[in-house]
Every structure is written in structure tokens, then in C-alpha cells.
Amino acid sequence: MRRSIWLPIVVLPVGALLALLIAALQPVQIRAYALSSPDGGQAAALARGQQACEGPIRLPSAIGGVRIWGGTAAGLAVLDVTVSDASTGRALGNGQIIASPAVGAYDAALENPVPAGSSVRVCVLAHGPAPFSLLGSLPTHPEIHMSVDGKTMFSEFSLVLLEPSRKSLLAALPTAFSRAALFRFSWVGPWTFWVLLVALLGTFALCGWAVAAAARADLPGEPTPEAETEDALPAHPSGQAR
Amino acid sequence: MPRLPAGLAGLLLTVVVVGVAWALLVPPWQTPDEIAHYAYAQDLAENFRLPPPQPTGAASSNQESTDQGVADNAAGASRGAFYPQTAPPEWDPAVWAAYRAEERAHPAPSRSDGGGPNPAASNPPLYYLYADIAYFFDYSGTAFGRLYAMRLWGVLMVALNALAGWLLAGEVLGRRRLPQLACGAVAGLWPMQTFMGASVNPDSLMVPLWTFALWLGARVIIRRAPVRDAVALCGVAAAAVLTMATSYALLPAVGLALFAGWRGRPAEERKPALRQLGLASLALVVPVLGWLALGRALGRSAINTVAAGAHPAPFNVRQFLSYVWQFYLPRLPGMVRFRWTSGLPAYDVWLKEGTATFGWLVVPVSAWIYKAVAIVVGVVGLAALWFTAKLRGRTALWLVAFFALALVVLVGGLHFTEYRSIIDGQGHLLQGRYLLPVIGLLGLVFGLVVSRVPARWRPGACMGVMVLLLCLQVLSMSAVVKAFYL
């Protein structure tokens with residue numbers, strides 16, 4: 001095969017796969033638990049000294065961080081985040097957030113990881129100076145309650161609990177595929193996504209084969225069986241002999 | 001029997017692999033309006049009736065069957081639509097097990113008690129009839145089995161779109177495999193197209209019908225309107241109209257292609273050809289008029305309409321032009337702001353949403369990817385414009401006019417509809433995926449440039465296009481994995 005054909009067919013996919021591999025090694029933060037309360041509206045506005053709490057939540061795995069959604073109207077707000085035992089109130093982990101007017105997700109890294117199986121309550125204490133608008137929605141979990149300064153609210157603030165350490169996307173794929181395997185055909189399992197991943201990577205080779213075949217068919221003076229079956233067009237805008 | 005060209009076979013296999021990955025990877029009902037489209041298809045399959053339209057602003061009631069509602073609730077689909085970060089799909093295997101137990105209980109949740117007012121009701125039924133074939137593939141399974149069977153069935157449409165792209169380039173650029181491969185690859189592997197094609201959505205059928213119509217229109221122009229091609233073009237255009245009302249935008253271009261093909265005939269053939277082409281056009285006129293009559297008989301609009309708000313405003317040409325200006329160019333002093341997007345609407349809507357924004361249009365890829373796509377499409381587009389400007393000859397100019405008319409009428413119609421929606425107080429409605437019907441033209445642009453690259457660089461150029469598309473696909477899927485599962 002000519003060099004002008006095989007060289008790009010080999011070099012481009014290999015280079016692309018290497019670049020994708022490097023991208024897949026970048027660390028990502030994995031959610032251990034999501035309350036599944038959309039951040040569609042304001043659940044509470046926390047003025048300086050006010051505290052919003054939510055629980056009890058049973059942890060399916062260990063956590064090392066808390067993510068909430070919100071923002072200030074103007075200026076900064078300092079928030080203390082505490083994860084405590086839901087029954088005894090003992091603090092299990094603490095973290096801090098400095099929120100700005102940019103509405104979005106804010107992460108608090110906990111000083112200590114909280115072990116799996118714990119039943120916890122998550123509290124957000126505002127230290128001001130700006131009030132913090134905590135986003136959430138109407139309650140969706142009958143067993144989980146939100147309160148502000150001890151008063152039960154008819155809302156939930158959006159809450160995600162994060163795994164203690166970051167992993168590369170590649171290392172996180174088993175978790176992703178086991179989650180993706182639910183609510184599909186009954187025969188679908190994590191294996192299905194591994195097979196698809198391998199097939200997806202195989203398409204780079206498949207495309208190389210397709211380009212090589214197309215290039216061979218286009219080579220001048222090398223008619224292929226497929227070319228022989230073509231109809232001749234009566235006229236062509238490119239003026240090319242066909 | 002003609003053999004399938006090896007390059008095309010490789011492309012189709014690639015498209016099928018990528019399409020199946022999209023169909024299974026995306027969580028249930030996490031593509032635009034999939035909840036309503038599934039409900040429509042289910043009601044049609046179970047009760048053989050069309051759902052009534054949902055008045056603008058009215059709350060949805062009884063749109064989903066109990067079967068769909070139970071599944072939706074278990075997977076957290078409606079709850080998580082638009083909010084994948086805070087409300088991802090349910091991950092708990094215990095909830096999945098509880099759902100399956102409920103499905104197996106007697107009586108099982110009803111599949112036929114939906115059919116309430118549906119926002120997708122203005123769509124004609126052709127796509128839903130197609131999707132309902134797959135609805136019965138896993139009929140004894142769960143709602144998820146039926147949903148995913150319909151999605152996988154849609155992958156066939158993505159592959160057909162790639163095939164149509166291949167044929168389109170073959171017709172316009174000559175049967176040169178590398179440009180054909182590049183064009184087919186763009187048509188089948190553009191991330192938004194694969195994502196939408198592998199979802200339960202009439203776009204899945206409409207897009208390949210448009211690409212086939214573009215190919216057939218080119219055939220009609222180049223081959224001087226053979227009756228067989230004219231019938232096929234009219235039939236495909238009718239099928240597109242019976243899939244989505246957006247496809248009325250295709251009809252002026254179809255008319256132009258028929259006229260150009262007829263004009264291309266020798267003078268002595270024109271008169272008898274007129275009658276033949278008139279008969280051929282019945283393949284378009286009869287189904288469309290039939291649908292319009294049926295719509296009237298059923299008391300439903302056969303075209304999409306923008307409902308008037310509380311204070312509808314009259315159409316203002318200056319204001320409309322100002323709106324279009326602001327969509328594509330920076331706003332000038334004195335212009336009233338029409339759209340609130342972070343950047344230029346053409347970039348945010350056409351490029352970002354039209355390339356890779358997933359879920360309910362809330363899962364983007366990294367910003368640098370959009371910039372890279374903009375640069376590549378910009379450079380290739382300018383090169384294609386240069387080559388097009390150098391085209392001479394009547395057939396080539398008819399072709400350019402045909403493609404331009406299809407594009408301009410679609411885009412113009414979309415802008416007109418959005419402008420009406422805005423002045424009627426109904427807000428913005430354009431989404432990038434609305435440009436997918438002309439994805440074949442984007443493919444043709446890439447094919448044209450590949451065809452003009454010096455022969456020794458052509459395999460590299462074609463491979464570059466395909467590798468870039470595959471990289472885009474992988475990066476898009478990784479964005480979906482992060483948003484929904486990590």
C-alpha cells in the first residue's frame with residue numbers, strides 16, 4: 001500500500017487514542033450519594049448566623065466532601081459545613097465554603113472522611129457577611145427533613161456527598177458502568193458497557209480500514225469490482241471524467 | 001447485485017457501534033422531550049389513537065401511562081431532567097429490584113391509561129408508527145426494555161443517514177470514495193446527530209429523510225428529472241412532512257429541483273415530461289393533503305403553531321431584522337435585546353447545542369472543544385465557499401441554488417417562528433438540533449474540501465475528519481458519563 005495512505009491511517013488514530021488516554025487519566029470527583037433534589041429554586045436564604053440542616057441520610061459509601069448549590073446576591077459568604085451523626089449529633093466531619101455571587105455548585109472538603117453505613121445529618125452554617133441563597137426544591141424524600149435554625153421547612157436543599165478521593169475517569173469506569181446498567185433491558189449489565197467501550201475503541205481501526213479501502217478504490221488506474229458496477233452519469237458539475 | 005463498497009461498510013459498522021453505545025449509555029428519558037415522545041408512541045401502540053394537544057402553559061395530566069409513570073418515578077427521570085448534577089438517575093440497585101417486583105405484580109401497571117394532552121401531539125404520526133415496531137420487540141419486558149428497544153431501532157436511522165450522506169457526495173462530487181466517506185462520516189458521526197438519532201424522537205427519522213431528499217434532489221437536477229427519481233424525491237419529502245411539520249421547509253427546494261431537472265431536458269422533451277412530473281408530484285401532494293384533511297377532521301393542527309400569549313404583538317419587519325442581526329452579529333447601540341445567552345446566539349445555539357450538548361440540553365462538553373469545532377468548521381466552510389464560488393456551469397449552479405434554498409428556508413422559518421414566539425411572550429424556542437436536517441450539507445462541505453485536497457494528502461484528510469469525529473464522540477460520551485453516573 002502507498003505510504004500516503006497507510007501513514008495517516010496508522011498515525012492519526014494512534015495519536016488520537018493516546019490523547020484520549022491522557023484525558024481519561026485526569027482525576028474526577030465522584031458522587032457517593034445524591035439527594036436527587038433538583039437545584040431549581042431557593043430552598044432557604046441563610047443570613048449571618050443561620051443554619052440549615054438536612055437528614056438523616058444513610059451513607060452507602062465513605063465520603064470526604066459535601067457539595068451544595070447556591071450563591072450570594074452580592075459579596076462573599078463564608079459557610080461552615082458539618083456532617084454529624086444523625087442520632088447522637090456528634091460531629092464526624094467539617095469543611096468550609098467561601099461562596100460568591102456566581103450561582104452554582106460549591107464543594108466543602110471534609111477534614112476527615114466519614115465511614116460508610118453512618119446515618120448522618122448535614123448542616124450549613126452561614127457566617128456572612130452576605131446572605132447565602134441555598135438552592136433546592138420541594139421535598140422528595142418523606143424520611144429526610146430540612147430545617148433552618150431548628151424549624152422544619154417544606155423544602156429540601158440540593159445535596160451531593162463526594163467520595164473521599166478523586167479518581168481518574170478510567171479508574172471510575174467500573175462505578176459508572178455499574179450505575180449505568182440499572183433501568184435498562186434485564187440482560188444489560190456492566191459487562192455490556194465494557195464490550196461497548198472495546199467496540200468503540202475498535203472503531204478507530206475500523207475507520208482506518210474504511211479509509212484504506214476508499215483510498216484504494218480512488219487510486220487512478222486501479223479499477224475495483226465496486227467501481228465496475230457504477231453507473232455513468234450523463235453530466236457532472238465537477239466536469240470530472242466518470 | 002452490486003457489492004457494498006468496503007469503505008461504506010466500514011463506515012456503517014462504525015456508526016452502528018457508536019449509535020448502540022449512545023442508545024444504551026444515556027439514562028432513560030434523558031434526551032430532549034423523550035418523555036412526551038415515548039408517551040405518544042405508547043398511546044399509539046396500545047390504543048391506536050393520537051394524543052390530544054397540550055394547551056400552552058397547561059399542566060400535564062395523564063400524559064404518561066401508569067406503566068411509564070412508575071418507571072419514570074423509579075429511575076428519577078422527570079425529577080432529574082434538566083438537573084443531572086443534583087438529581088442524577090437512580091443508582092440504587094434496591095430501587096431497581098423494587099421496580100421489577102412492582103412490574104411483575106398482578107395487576108401490572110397499565111400501559112394503556114395514558115394518552116392525555118401531550119406537547120408532542122402536533123407531530124404527525126409517521127415516526128411514532130416506525131418507533132412502535134420496536135415497542136413490540138420487548139413487549140413482555142419492562143417499560144425500560146420497550147424504551148431502549150425503540151432507541152436501538154433508531155440507530156438504523158443514524159446508519160441510513162450516513163448512507164444518505166455517502167450517496168449525496170457520490171452524486172454531487174462524483175463517485176469518489178474518500179469524499180463520500182468524509183460526507184457520510186459527518187452525517188452519521190456528528191455527536192448531536194448520533195445522540196438524537198439514537199433517542200425516541202421524531203428527529204431520528206426526519207434527519208435521514210432530509211438527507212435522502214437532498215441526495216434525490218441532486219439526482220433529479222443532475223440526471224434531468226427521470227420520473228423514477230422524481231417520484232422518489234416527492235415520496236421522501238412527503239414522508240418528511242408526515243414526520244415533522246418542520247419539513248414543510250423542504251418543499252420549496254423540492255420544487256426547485258423538479259423545475260431544474262425539467263429545464264435541463266431538451267426542449268422537445270419538456271412538454272411530455274411536464275405531465276410525467278405532474279403525476280410524480282402526486283407522491284408528495286396526496287399524502288400531505290391526506291394528512292391535512294385528517295388533521296382537520298380530527299380537529300388538530302397539521303402544522304406547528306406558536307400559541308399567542310396574553311399580549312400578542314404584531315409582526316414588525318424592522319424588529320425581526322434586528323432579532324436576526326443579533327443572532328449572528330454583536331448587538332448595535334439602540335437595538336432592543338432579544339436573546340439572553342452568554343455569547344453570540346449563533347455560537348451558543350447553532351454551534352454548541354448543534355454539536356454536543358446532551359441530556360435535556362444541559363450536559364455540555366468542555367468549552368475548548370466547542371472552540372476547536374468552530375475553528376475546524378469555519379476553516380472547512382470558508383474553503384468550501386471558495387471552491388463553490390469557482391463553480392461554473394448550469395448544473396452546478398442549480399445544485400448550489402437547491403442546497404441554499406433548503407438551508408435558507410429552514411433557517412429562515414426557524415427564525416421567523418422564534419421571533420413570533422418571543423413577541424407573543426412565549427420565550428425562546430430555537431435549539432441547535434433544529435439544524436440537523438441539513439447535516440448532509442455539512443457533510444458535503446467536508447466532502448468537497450476532501451475532494452479538492454491534492455490526491456496524495458486525500459487519505460490523510462479523510463482520516464483526519466473521521467478521527468476528529470470519533471474523538472468528539474468519545475469526549476461527548478465521557479461528558480455524559482460524568483454528568484449522569486459519577
Side-chain angles (χ1 to χ4, degrees), chain A residues 4-5 7-9 12-13 16 19-20 23-24 28 30-31 34 36-40 69 105 140 158 160 169 172 175-176 179-180 182-186 188 192-193 196 199-200 202-204 206-211 213-215 217-218 225-226 229-230 233-240 242, chain B residues 2-3 5-7 10-11 13-14 17-18 20-21 24-25 28 74-76 79-80 83 85-91 93 96 138 141-142 144-145 148 172-178 181 222-223 391 393 395-396 399 456-460 462-464 466-467 470-471 474 478 481-482 485-486:
Chain A
S4 63
I5 295 178
L7 196 65
I9 286 171
L12 287 175
L20 289 174
V28 292
I30 300 171
R31 289 169 283 187
S36 292
S37 183
D39 55 320
W69 277 258
T140 52
S158 303
V160 157
L169 179 60
T175 303
R179 290 172 175 178
L182 303 177
F183 303 102
R184 299 292 192 276
F185 292 108
S186 52
V188 166
T192 317
F193 294 96
L196 283 171
L200 195 61
T203 57
F204 283 83
L206 200 55
C207 281
W209 176 70
V211 170
D218 282 355
E226 69 197 43
T229 64
E230 293 170 358
L233 295 183
H236 196 269
S238 65
Q240 180 198 352
R242 300 157 55 71
Chain B
R3 274 176 50 189
L11 171 65
L13 204 52
T14 300
V17 168
V18 174
V20 169
L24 291 177
L25 184 66
R79 187 173 66 236
Y83 303 101
Q85 293 300 331
T86 47
E90 183 59 59
W91 296 330
W96 172 226
D138 194 27
T142 65
F144 299 106
Y148 280 94
V172 175
L173 304 172
R175 296 195 176 184
R176 298 149 75 189
R177 298 314 187 198
L178 286 169
L181 192 55
I222 292 169
R223 300 175 189 227
L391 286 176
T395 309
L399 280 175
R456 63 192 296 260
W457 298 109
R458 215 170 284 151
C462 185
M463 193 68 206
M466 298 192 77
V467 165
L470 286 178
C471 286
V474 173
S478 65
V481 164
K482 284 183 212 166
Y485 304 120
L486 291 178

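The chains referred to below are lettered A, B, ... by the order of the sequence lines, with proteins before strands, and numbering in each begins at 1.
Both the backbone and the side chain of V18(B) come within less than 4.5 Å of a heavy atom in chain A. When heavy atoms are compared at a cutoff of 4.5 Å, R79(B) approaches chain A by way of both its backbone and its side chain. Contacts of L24(B) with chain A are made by both backbone and side-chain atoms, with heavy-atom separations under 4.5 Å. At a 4.5 Å heavy-atom cutoff, the contact between L169(A) and chain B is made by side-chain atoms alone.
Atoms CE and CG, from M463(B) and L7(A) in turn, are 12.0 Å apart once rounded to the nearest 0.5 Å. Of the inter-residue distances, the one linking L182(A) atom CG with E90(B) atom CD reads 8.5 Å to the nearest 0.5 angstrom. Atoms CG and CG, on L470(B) and L206(A) in that order, are 9.0 Å from each other to the nearest 0.5 Å. The OH atom of Y485(B) sits 6.0 Å away from the CZ atom of F193(A) when rounded to the nearest 0.5 Å. To the nearest 0.5 Å, atom CZ of residue R184(A) and atom CG of residue L25(B) are 7.0 Å apart.
Contact record, A213(A) with A6(B): CB-CB, 3.5 Å, taken as the closest heavy-atom pair. When every heavy atom of A16(A) is checked against every heavy atom of V467(B), the shortest pair comes out as CB-CG1, 3.4 Å.
Considering only residues two or more places apart in sequence or on other chains, T86(B) meets the side chain to side chain donor-acceptor pair (under 3.5 Å) condition with D39(A). The side chain to side chain donor-acceptor pair (under 3.5 Å) check on T140(A) picks up E156(A), with sequence neighbours excluded.
Of the listed residues R458(B), M466(B), K482(B), Q85(B), the one with more heavy-atom pairs under 4.5 angstrom with chain A than any other is Q85(B). Taking P28(B), C462(B), G393(B) one by one and counting their heavy-atom pairs under 4.5 Å with chain A, the maximum is reached by P28(B). Options A34(A), P8(A), S158(A), A180(A) differ in how many heavy-atom pairs under 4.5 Å they form with chain B, and the most are formed by A180(A). Per-residue counts of heavy-atom pairs under 4.5 Å with chain A were compared for P88(B), G141(B), A21(B); the largest is that of P88(B).
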Do C471(B) and L20(A) pass the side chain to side chain contact (heavy atoms under 4.5 Å, CB included) test, and can you show the C-alpha distance, the side-chain angles, and the key distance before you say yes or no?
CA-CA 7 Å; C471(B) 286; L20(A) 289 174; 4.2 Å; yes
